[in-house]
Q: 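Got a structure here, written out as structure tokens. Questions coming.
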Amino acid sequence: MKKLIILILLCTGPSCSAQLFNPQSKKITARYFPEMEADIHTPAFRKKRGFTNYKEMMSFLAPLVKQHQKIIHLSYIGKSQKGHPIPLLLISNPDSKEEKTRVWIQAGIHGNEPASTEGVLFLIGQLLENPEYTALLDRVEIGIIPMANIDGSNRQLRPAANGLDLNRDQTKLMVPESVVLKQAFTDFNAQVALDFHEFRPYRRDYLQMGTFGLTNAYDVMFLYSGNLNVPEPLRKYTEHTFVKGTETLLREKGLTTHAYFTSSDYQGYTVFNQGSVNARSSATSYALANCISTLVEVRGIGLGRTSFKRRTMTTFLIALSYIKTAAENGNAVREVLAASVLQRKEGRAVIKSKRTVSRSPLAFIDLHTEKKTEETVILRDALQSSPLLDRPLPRAYILLPSQEKIVEKLRVLGVEVEISDKAKEVSVEAYHITEYYRAAQKYEGTRRQTVKTRLFPKTITLPEGSFFVYTDQKNIGLAVETLEPEASNSFVSYNLIPAGKGEELPVYRYNSNIKP
């Protein structure tokens with residue numbers, strides 16, 4: 001009898017992801033994703049294997065900061081869970097008298113997406129040492145977090161050290177790094193924001209498509225918000241001025257682009273979801289802070305060092321395009337953001353929305369023929385959303401003194417909160433829970449709650465120290481997303497405000513035009 005021998009290879013070191021099987025053939029790489037000609041001297045390109053770790057990054061930054069200290073400032077916003085200080089770099093020309101547009105750039109929030117950090121490090125070097133870009137610093141102030149998830153990046157793992165995903169934590173703020181990153185973003189008060197990622201082009205869902213499976217054909221995908229609490233002029237300006245302008249530049253460089261999509265299984269069918277309305281991740285969270293916001297996904301997860309220079313340069317080119325667009329359109333950016341604040345005051349609070357569903361073509365590469373193909377797919381488009389549940393925007397949200405920890409999170413999100421100095425009797429709308437469901441399994445560290453509520457009027461006596469969140473403020477969209485209990489990323493949803501059927505929530509809606 002012949003013996004069956006099974007060989008199992010285990011890879012457990014920090015560079016494990018770079019050593020695993022690469023699903024992309026050399027033929028596909030050469031035909032569609034060849035390396036770019038570029039002279040890059042960031043840490044990963046100074047070695048043959050692996051990617052830039054924290055120590056290498058800081059060694060790369062130190063001489064740049066010392067040599068160009070007039071225009072770059074290095075500070076630390078806090079520490080990772082394993083004790084590494086998280087760097088923030090501010091770059092601008094202090095001698096310029098022009099009004100500057102504030103541009104926020106973040107990379108490495110997922111530790112297994114190394115081209116994001118590499119591209120941003122290359123950007124820093126170019127901004128400081130390439131005279132072609134010197135004039136940009138007269139008109140922009142740039143805040144850069146080059147490695148948001150240090151512990152994950154050091155091990156090339158997606159989550160933070162406690163196993164949670166930092167880009168699912170933009171509203172619940174349960175991870176230490178999330179709190180300091182969000183506070184730094186709030187303090188910077190960005191007008192334009194970029195969050196760099198990489199996406200996995202070979203997905204399980206794609207194996208059911210084509211003859212023997214497909215792979216994503218795009219170099220880069222842009223995720224910008226379709227959330228209806230972001231005013232339409234701001235959403236359109238983001239898309240048409242920043243995203244479309246950058247796509248034109250990339251296509252001139254031979255790169256392929258698309259709006260960001262993911263796939264999921266729905267009753268046996270592969271369904272594609274385009275765009276986002278979800279405040280748990282940065283694209284929408286930043287936009288709700290009245291900011292031109294884009295999350296950028298470069299084709300890369302699972303490819304090791306394949307096309308790594310191409311991925312790094314793609315990141316750099318996008319960042320540079322956004323900076324140039326911000327510098328050239330500063331007045332228009334400020335006008336759009338100011339108009340968005342005014343429009344929010346007159347709007348409604350959209351708690352749930354539905355996506356437009358259509359059949360649309362997407363480009364793929366056939367794994368059997370190794371040629372590009374077009375597939376017509378079922379597409380659920382968040383960029384074409386409509387309200388499913390909405391309410392009039394109240395004059396203010398009120399929280400009881402017992403909700404001090406919730407108020408701390410709101411302030412980190414940039415939401416302004418006032419405190420009453422004495423007990424007050426006020427007429428409010430209260431949330432009464434009519435339906436309640438609590439998930440059996442944890443999602444990102446918590447068992448989620450799903451509720452339906454009924455609003456009813458009542459007069460209550462608020463104790464001294466109650467909290468008022470007035471809605472005539474810039475970041476009110478984030479208050480709507482977190483305080484309206486049915487919203488998918490609310491504090492109730494994440495069990496930060498415990499609830500139960502038949503209960504009244506410790507959050508109220510105040511509708512009088514007179515401040516109590």
Side-chain angles (χ1 to χ4, degrees), residues 2 4-11 16-36 110 112-115 156 158 197-223 247 250-251 253-276 295-311 313-314 355-384:
K2 293 183 178 180
L4 177 64
I5 299 176
I6 300 175
L7 178 63
I8 300 177
L9 298 177
L10 296 178
C11 178
C16 177
S17 61
Q19 298 173 7
L20 295 178
F21 169 71
N22 186 336
Q24 183 162 295
S25 71
K26 292 183 179 179
K27 187 174 181 179
I28 288 178
T29 300
R31 181 178 291 176
Y32 301 112
F33 308 105
E35 285 291 25
M36 287 184 171
H110 290 147
N112 63 337
E113 299 171 8
Q156 285 298 296
R158 179 184 176 94
H197 291 249
E198 292 190 89
F199 71 88
R200 186 179 298 278
Y202 292 84
R203 296 175 65 94
R204 180 183 60 186
D205 294 335
Y206 299 171
L207 296 177
Q208 310 303 317
M209 303 171 65
T211 307
F212 294 107
L214 305 175
T215 183
N216 190 306
Y218 299 103
D219 281 287
V220 59
M221 299 193 290
F222 291 86
L223 180 60
E247 285 185 316
L250 295 178
R251 288 167 185 163
K253 300 285 186 181
L255 298 163
T256 53
T257 71
H258 199 275
Y260 180 67
F261 60 81
T262 58
S263 59
S264 60
D265 180 81
Y266 179 73
Q267 297 182 352
Y269 292 93
T270 299
V271 174
F272 287 77
N273 304 292
Q274 179 169 278
S276 173
L295 186 152
V296 178
E297 293 273 6
V298 175
R299 189 179 195 276
I301 293 181
L303 300 183
R305 296 266 303 204
T306 298
S307 305
F308 190 56
K309 186 174 286 188
R310 183 186 185 94
R311 291 148 52 189
M313 283 300 297
T314 300
R355 300 167 179 243
T356 298
V357 180
S358 64
R359 290 190 174 273
S360 301
L362 292 176
F364 295 92
I365 299 170
D366 190 294
L367 296 180
H368 177 60
T369 64
E370 297 185 320
K371 294 181 179 179
K372 282 194 175 181
T373 182
E374 192 174 82
E375 293 282 323
T376 299
V377 304
I378 301 171
L379 188 70
R380 300 174 64 247
D381 192 359
L383 302 175
Q384 302 294 327

Q: Just by modelled atom types, is the Asp366 backbone N or O under 3.5 Å from a matching donor or acceptor in the Thr373 side chain?
A: no

Q: Do you know which two heavy atoms are closest between Ser263 and Asp205, and how far apart they sit?
A: OG-OD2, 2.9 Å

Q: Do Val377 and Thr270 have side chains that get closer than 4.5 Å, going by heavy atoms?
A: no

Q: Indicate the atoms forming the closest heavy-atom contact of Ala217 with Thr256, along with that distance.
A: O-OG1, 3.3 Å

Q: Start with the C-alpha distance between Tyr202 and Leu367, add both sets of side-chain angles, then the distance that settles side chain to side chain contact (heavy atoms under 4.5 Å, CB included), and finish with yes or no.
A: CA-CA 10 Å; Tyr202 292 84; Leu367 296 180; 3.6 Å; yes

Q: Provide the closest heavy-atom pair for Phe261 versus Asn216 in the form atom of the first, atom of the second, distance.
A: CZ-ND2, 3.5 Å

Q: List the steps and the verdict of side chain to side chain contact (heavy atoms under 4.5 Å, CB included) for Tyr32 and Lys27.
A: CA-CA 8 Å; Tyr32 301 112; Lys27 187 174 181 179; over 6 Å; no

Q: Nearest 0.5 Å, please: how far is CZ in Phe272 from CZ in Arg359?
A: 12.0 Å

Q: Measure the spacing between CZ of Arg158 and CD1 of Ile301 and express it to the nearest 0.5 Å.
A: 6.0 Å

Q: Is the CZ atom of Arg204 crowded by more than 12 outside heavy atoms at less than 6.0 Å?
A: no

Q: Measure across Ala382 and Gly275 and return the closest heavy-atom pair with its distance rounded to 0.1 Å.
A: CB-C, 3.6 Å

Q: Taking all non-hydrogen atoms of both residues, which atom of Pro201 and which atom of Gly300 are closest, and how far apart?
A: CD-N, 4.3 Å

Q: Any chance the side chains of Thr215 and Arg299 put a donor and an acceptor closer than 3.5 Å?
A: yes

Q: Among Arg310, His258, Lys253, which residue meets the side chain to side chain donor-acceptor pair (under 3.5 Å) test with Asp219?
A: Arg310

Q: Side-chain donor-acceptor pair under 3.5 Å between Glu370 and Ser25, yes or no?
A: yes

Q: Could you grab the distance from atom CD of Glu297 to atom NE2 of His110, nearest 0.5 Å is fine?
A: 8.5 Å

Q: Kindly compute the distance separating CD (Gln274) from CG (Leu362), expressed to the nearest 0.5 Å.
A: 7.5 Å

Q: Starting at CZ of Phe222, measure out to OG1 of Thr257 and round the result to the nearest 0.5 Å.
A: 6.0 Å

Q: Do Ser358 and Asp381 have side-chain N/O donor and acceptor atoms under 3.5 Å apart?
A: no

Q: Among Glu35, Glu113, Glu198, find the one that has a salt bridge (charged side-chain N to carboxylate O under 4.0 Å, His left out) with Arg311.
A: Glu198

Q: With sequence neighbours left out, what residues match Glu375 under salt bridge (charged side-chain N to carboxylate O under 4.0 Å, His left out)?
A: none

Q: Going by distance alone, is a donor N or O of one side chain under 3.5 Å from an acceptor N or O of the other, for Thr306 and Gln24?
A: no

Q: Looking only at heavy atoms, what is the nearest atom pair of Phe33 and Ile365, with distance?
A: CE1-CD1, 3.7 Å

Q: How far does OH of Tyr218 sit from OH of Tyr260, to the nearest 0.5 angstrom?
A: 14.0 Å

Q: Can you sort out the partners of Lys26 under salt bridge (charged side-chain N to carboxylate O under 4.0 Å, His left out), two or more places apart, ordered by chain and number?
A: none

